[in-house]
> 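My questions will all concern the structure given below.
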Amino acid sequence: MSLLELDNISTGYGHFQALFDINLRIDEGETHAVIGANGAGKSTLLRTICGLIRTDQEKVRFDGQAIGDLAPHKRVGLGISYVPEGRWVFPSLTVNENLLVGGHSRRTGLWTIDKAYETFPLLARLRKRQAYSLSGGEQQALAIARGLMSNPRLLLLDEVSLGLAPVVVEKIYESMPAIVDAGTTVLLVEQDVGQAIKFADRITCLLEGRQVLEGSPDEFSSEQIFAAYFGV
Ligand code: ATP
């Protein structure tokens, strides 16, 4: 049994269908990257897993439990943490306060404030700074660290590197091994295909809401990935 199982997911917004028959298995401890062009449905997929978009109960299973119609906060309680696109932090709260808020679910585990600072050393010296005054990269690090504070078994990260300078992206990715070593399963959306391939055990490519490629990155040539990404 995989940690996360999606069966024939077809969802969207009102009459607009954004995803078509998506099937996905993610094993515990795996790192999985979802790639695809703008509008391919990557964020919609993460929203479906975290519960912002509901499906039939049986279509999403987490650790064997059917959760497709479960509310987002209940999924946090089960160990699913979602870090949305756009580096959402509480701007007027300090770095430390943002992390405390992230721990409100009180799921116990390895992740504490100290462990978050150890994993993202750049945040440690900023602990008393209000979040609005951080750089984009620092805010992204804080958003991820806050997501970890709920001690997730599955961490969903949307658009990790969007809008960040390459050197900042490298810094964020330097912290990923510590997250994986802590036993956390990571499913991330990444527009930077090179970065996704470097990081992930498995990749899924979406094209206009359809899954056009899925597997280990070494199974595919860069031409195959390019063709799947652009639909050529
Ligand atoms: P991006 O990289 O641009 O964020 P994406 O792959 O994450 O793209 P989604 O955000 O999942 O794509 O969007 C998939 C489709 O659903 C797009 O056509 C988008 O316009 C549409 N869509 C997304 N959010 C909404 C919404 N709240 N209401 C209506 N349509 C939406």
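Note that the coordinates shown come from a computational prediction; the quantities given were computed from them, not determined experimentally. We count ligands from 1, going down the list as the structure has it; atoms in each ligand are counted the same way.
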> Do S216 and D218 have side-chain N/O donor and acceptor atoms under 3.5 Å apart?
yes

> So which residues, sorted by chain and number, lie with a heavy atom under 4.0 Å of ligand 1?
Y13, F16, A18, A37, N38, G39, A40, G41, K42, S43, T44, R47, E85, E159, Q191

> Under the side chain to side chain donor-acceptor pair (under 3.5 Å) rule, collect the residues that match up with S222, sequence neighbours excluded.
none

> Sort and list the pairs that fulfil salt bridge (charged side-chain N to carboxylate O under 4.0 Å, His left out) and have at least one residue in residues 23-45, not counting sequence neighbours.
D7-R25, E28-R153

> Please determine if R127 forms a cation-pi arrangement with Y117, meaning its NZ or CZ atom is less than 6.0 Å from the six-membered ring centre and no more than 45° off the ring axis.
yes

> Any chance the side chains of S161 and Y173 put a donor and an acceptor closer than 3.5 Å?
no

> Sequence neighbours left out, what passes side chain to side chain contact (heavy atoms under 4.5 Å, CB included) with S175? Give chain and number order.
T119, F120

